[in-house]
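Quick caveat, the model's predicted, so the values are computed rather than measured. In what follows, chains are A, B, ... by sequence order, proteins preceding strands, each numbered from 1.
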Number of protein chains: 2
Amino acid sequence: MKKGATIRDVAAAAGVSVATVSKYMNGTQRFTPAVEARLKEAIAQLGYRSNPLARSMITGRTRAIGLAILDIGNPHFANLVKGANRVAIRHDYTLLLVDTEENQQREQTLIESLAQRVDGMIVSSRMPDDSVQWLLDLGKPVVLFGRSARFPIASVGTDSCLAGYMLANHLVKLGHRHIAYLGFGRSRWNDERIRGIRQCLDEYGLALDVHDALSPSAAAGERACSGLMLGPRRPDAVICYNDLIALGFIKEARELGLQLPRDVSVAGFDNVPYGEYASPALTSVDFQSEKMGELAMTRLLDELHGNADANASYALLDPHLVVRESTIRRGDAPAAVDVASDAANDAAVTRMPTTEE
Amino acid sequence: MKKGATIRDVAAAAGVSVATVSKYMNGTQRFTPAVEARLKEAIAQLGYRSNPLARSMITGRTRAIGLAILDIGNPHFANLVKGANRVAIRHDYTLLLVDTEENQQREQTLIESLAQRVDGMIVSSRMPDDSVQWLLDLGKPVVLFGRSARFPIASVGTDSCLAGYMLANHLVKLGHRHIAYLGFGRSRWNDERIRGIRQCLDEYGLALDVHDALSPSAAAGERACSGLMLGPRRPDAVICYNDLIALGFIKEARELGLQLPRDVSVAGFDNVPYGEYASPALTSVDFQSEKMGELAMTRLLDELHGNADANASYALLDPHLVVRESTIRRGDAPAAVDVASDAANDAAVTRMPTTEE
DNA sequence: GTGAAAGCGCTAACAT
DNA sequence: ATGTTAGCGCTTTCAC
């Protein structure tokens with residue numbers, strides 16, 4: 001654990017001034033071959049690496065970006081991080097990560113503390129729209145996941161409302177009529193998803209049964225399952241707030257003795273990588289998590305470098321429906337069917353418009 | 001985006017010297033109530049927050065820890081990060097993350113660059129044991145995931161050999177005789193796992209068929225599946241290098257028309273959260289990833305604070321077998337069985353020692 | 001208990 | 001093309 005050499009050591013060893021060394025390190029200038037050679041020699045000799053802290057003190061820039069997320073254990077966020085990390089590395093930036101673990105209390109403190117050490121922040125949060133103001137007061141450029149309706153803040157996100165509509169439409173087209181939504185009320189996107197689902201269902205005069213998982217996790221999906229499926233009004237399709245909840249829901253439903261997808265179609269949002277490996281493989285709406293992370297980082301870096309086209313712009317990524325095995329036409333089944341068919345529903349099916357999936 | 005107030009601004013506003021403000025901010029000293037009140041007032045007034053960079057320049061400590069991992073998309077690593085993050089936050093440290101994306105080229109550069117900005121590093125790497133030396137030359141305390149046989153470096157890990165033995169033993173006890181290992185040769189733990197598996201299999205005079213997935217991912221598991229299952233020597237059980245490979249393998253096996261787990265038992269390592277939601281639910285060896293992350297961070301912080309019991313110690317976490325549906329007694333099946341029973345195997349079963357699972 | 005002054009390692013004018 | 005110098009915002013002796 002040797003102490004690092006300083007710029008002065010190099011200057012002395014090469015017989016030049018510290019300014020020269022500094023300029024050399026930053027490639028700010030050209031040099032006479034003689035000086036350059038001595039510099040190279042001295043630097044190699046001493047194993048000199050310039051101290052980024054001292055550099056940052058002067059320049060005011062750290063080449064670091066703070067990223068605050070809600071749960072790195074959720075593959076959606078892991079992918080956000082992956083995308084952001086990739087772009088950061090490409091531009092020679094460092095990522096400071098904080099997983100707030102859904103803890104609103106600490107979130108603000110952590111973010112404020114992080115903000116001091118970075119050039120900009122990317123934030124995923126459950127804070128109410130009103131609180132977004134203090135993000136702007138951080139004194140650093142911020143990119144937010146999910147738009148703020150009230151404040152002009154750069155953000156990247158997806159059209160949750162459309163995504164909800166798509167999923168509902170998909171299920172209705174499959175003949176489902178009793179659709180339930182297993183949401184997560186504390187999320188900023190929950191209402192949007194409900195709105196999209198309702199918008200579609202209204203067109204068919206269908207009602208939506210709204211439930212709430214208390215956490216955006218598989219465990220919460222498991223817990224909520226029996227309440228929905230063993231209650232008086234069993235849905236024939238359920239849309240979950242996210243894939244994790246859907247995965248838990250599916251597992252518990254099968255343990256309850258239900259046959260999936262015959263007895264109930266299930267779908268989620270996010271298209272996490274492991275939905276594909278569940279059984280039945282999970283139908284979901286892909287939000288391109290990794291690309292969202294890349295995009296957020298790209299926008300932030302653009303702003304930092306002054307290439308910002310629009311300052312408080314909102315970048316929307318297209319949601320994309322991924323149909324797998326967990327949603328199936330009502331009545332269809334590998335084995336026997338025991339669901340009574342409903343004439344009214346069949347009538348409804350005939351007047352359904354065709355929509356792209 | 002207001003400019004932050006400096007310590008001098010506070011000193012002026014409170015009518016004291018900068019040294020006093022500094023001492024107040026760091027709680028280094030007691031003050032007369034009058035001074036303390038003015039200080040508090042001025043700080044609140046100006047919204048002063050001390051600049052951590054300037055502080056670090058002097059103290060030489062950043063209160064930041066670098067964490068280098070191979071793939072944040074792998075839930076095993078995500079959990080490592082989660083554990084490390086939690087401990088870091090608890091001790092008021094910040095996490096600098098770099099996902100090297102299995103890229104050996106950049107890994108060293110990235111780690112060296114990160115090391116300059118932090119007080120210590122936690123590293124998960126595929127670098128050969130010989131290369132560990134340069135980690136020690138970083139000039140910062142390092143904790144490594146997985147021990148180095150050659151160099152004295154603090155590390156936390158798990159007994160991969162024992163884990164392999166456990167899994168093999170489990171399968172043998174279930175009556176499996178043709179066991180294959182679908183490994184990942186570039187991993188530092190691959191050989192250990194093979195060694196444990198072989199050690200167990202040797203006791204029963206069983207051979208091990210070793211294959212290699214070229215990446216530690218579900219996609220690689222899918223690709224490798226047909227080669228194993230449709231080849232001339234179809235195994236009746238396969239142990240995969242990790243759960244991701246196992247998940248991919250299972251999915252592809254079913255698409256190949258195989259009945260799982262009847263036709264083949266499959267198991268992996270890591271016990272990632274989503275193995276539980278696959279079908280059949282995945283048997284795995286739990287390595288307590290999150291706890292490993294916590295432990296690594298705890299050790300590093302201990303060393304930083306001078307509480308290091310042993311310096312280059314190796315902390316081992318116990319592997320724990322988690323039996324789920326993907327491994328089943330040979331010949332057992334929910335439906336009909338078409339596997340010819342083997343008298344020699346039955347004989348072997350009778351002399352099997354009982355082992356705890 | 002409080003303040004003056006000397007830097008930490010580096011960059012950015014501004015000379016030369 | 002190279003050197004001089006004045007700090008960046010803070011901590012830390014060492015006086016008082």
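- Taking atom CD1 of residue A:I7 and atom P of nucleotide C:dA12, one finds them 11 Å apart after rounding to whole Å.
- Among the atoms of the strands shown, base atoms are found under 4.0 Å from some heavy atom of A:S22.
- Taking only side-chain atoms of B:I58, from C-beta outward, the nucleotide of C:dG9, C:dT11, C:dC8 with the closest atom is C:dC8.
- Backbone-only engagement by A:Y48 is indicated by non-hydrogen atom pairs under 4.0 Å involving sugar-phosphate atoms exclusively.
- Between B:T28 and B:L53, the residue whose closest nucleotide on DNA chain D is further toward the 5' end is B:L53.
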Show me the donor-acceptor pairs, under 3.5 Å and distance only, between side chains in residues 63-89 of chain B and residues at least two apart or in other chains.
unit_1 : atom_1 : unit_2 : atom_2 : d
B:R63  : NE     : B:D92  : O      : 3.1
B:R63  : NH2    : B:H91  : O      : 2.9
B:D71  : OD1    : A:K82  : NZ     : 2.6
B:D71  : OD1    : B:G73  : N      : 2.8
B:N74  : OD1    : B:H76  : N      : 2.9
B:H76  : ND1    : B:S289 : OG     : 2.9
B:N79  : ND2    : B:P75  : O      : 3.3
B:K82  : NZ     : A:D71  : OD1    : 2.6
B:K82  : NZ     : A:D99  : OD2    : 2.6
B:N85  : OD1    : A:D99  : N      : 3.3
B:N85  : ND2    : A:D99  : O      : 3.0
B:R86  : NE     : A:E101 : OE1    : 3.4
B:R86  : NE     : A:E101 : OE2    : 3.3
B:R86  : NH1    : B:E290 : OE2    : 2.7
B:R86  : NH1    : B:E294 : OE2    : 3.0
B:R86  : NH2    : A:E101 : OE2    : 2.9
B:R86  : NH2    : B:E290 : OE2    : 2.8

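- Using a 4.0 Å heavy-atom distance criterion, A:S50 is classed as a sugar-phosphate-only contact.
- For C:dT11, the OP1/OP2 oxygens have a side-chain nitrogen or oxygen of A:R55 closer than 4.0 Å.
- Salt-bridge check for A:R126 with A:E107: failed, with every basic side-chain N at 4.0 Å or more from each acidic carboxylate O.
- Crowding of B:R188 atom CZ: a count of heavy atoms from other residues, nucleotides or ligands under 6.0 Å exceeding 12.
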Please tabulate, one pair per line, all N/O donor-acceptor pairs under 3.5 Å involving side-chain atoms of residues 33-46 of chain B, not counting sequence neighbours.
unit_1 : atom_1 : unit_2 : atom_2 : d
B:R38  : NE     : B:A14  : O      : 3.0
B:R38  : NH2    : B:A14  : O      : 3.1
B:R38  : NH2    : B:G15  : O      : 3.4

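- A salt bridge links A:D130 with A:R150; the closest basic N to acidic carboxylate O contact falls under 4.0 Å.
- One atom, CE of B:M57, and another, C1' of C:dG7, lie 9 Å apart when rounded to the nearest Å.
- At whole-Å resolution of the value, CD1 in A:I43 and C1' in C:dC10 are 14 Å apart.
- Atom P of nucleotide C:dC8 and atom CG of A:N51 are separated by 12 Å, given to the nearest angstrom.
- B:V21 comes within 4.0 angstrom of no nucleic acid atom, judged by non-hydrogen atoms across all strands.
- Ranked by how close their nearest DNA chain C nucleotide is to the 5' end, B:K23 and A:A54 are led by B:K23.
- Residue contacts shown for B:R8 include a base, since a base heavy atom lies under 4.0 Å away.
- A:V35 comes within contact range of the sugar-phosphate backbone alone, with a heavy-atom separation under 4.0 Å but no base atom that close.
- Rounding to the nearest 0.5 Å places CG of B:L136 at 4.5 Å from CD1 of B:I153.
- In this structure, B:N26 contributes its side chain and B:K23 its backbone to no donor-acceptor pair below 3.5 Å.
- Chain A approaches DNA chain D within less than 4.0 angstrom (heavy atoms of the protein), and the contacting nucleotides run 5' to 3' from D:dA1 to D:dG9.
- Using a 4.0 Å heavy-atom cutoff across all strands shown, B:T6 reaches sugar-phosphate atoms only and no base atom.
- The side chain of B:T20 lies closest to C:dT2, out of C:dC10, C:dC14, C:dT2.
- Atom-to-atom, CE of A:M25 to P of C:dT11 comes out at 8 Å; the value is rounded to the nearest Å.
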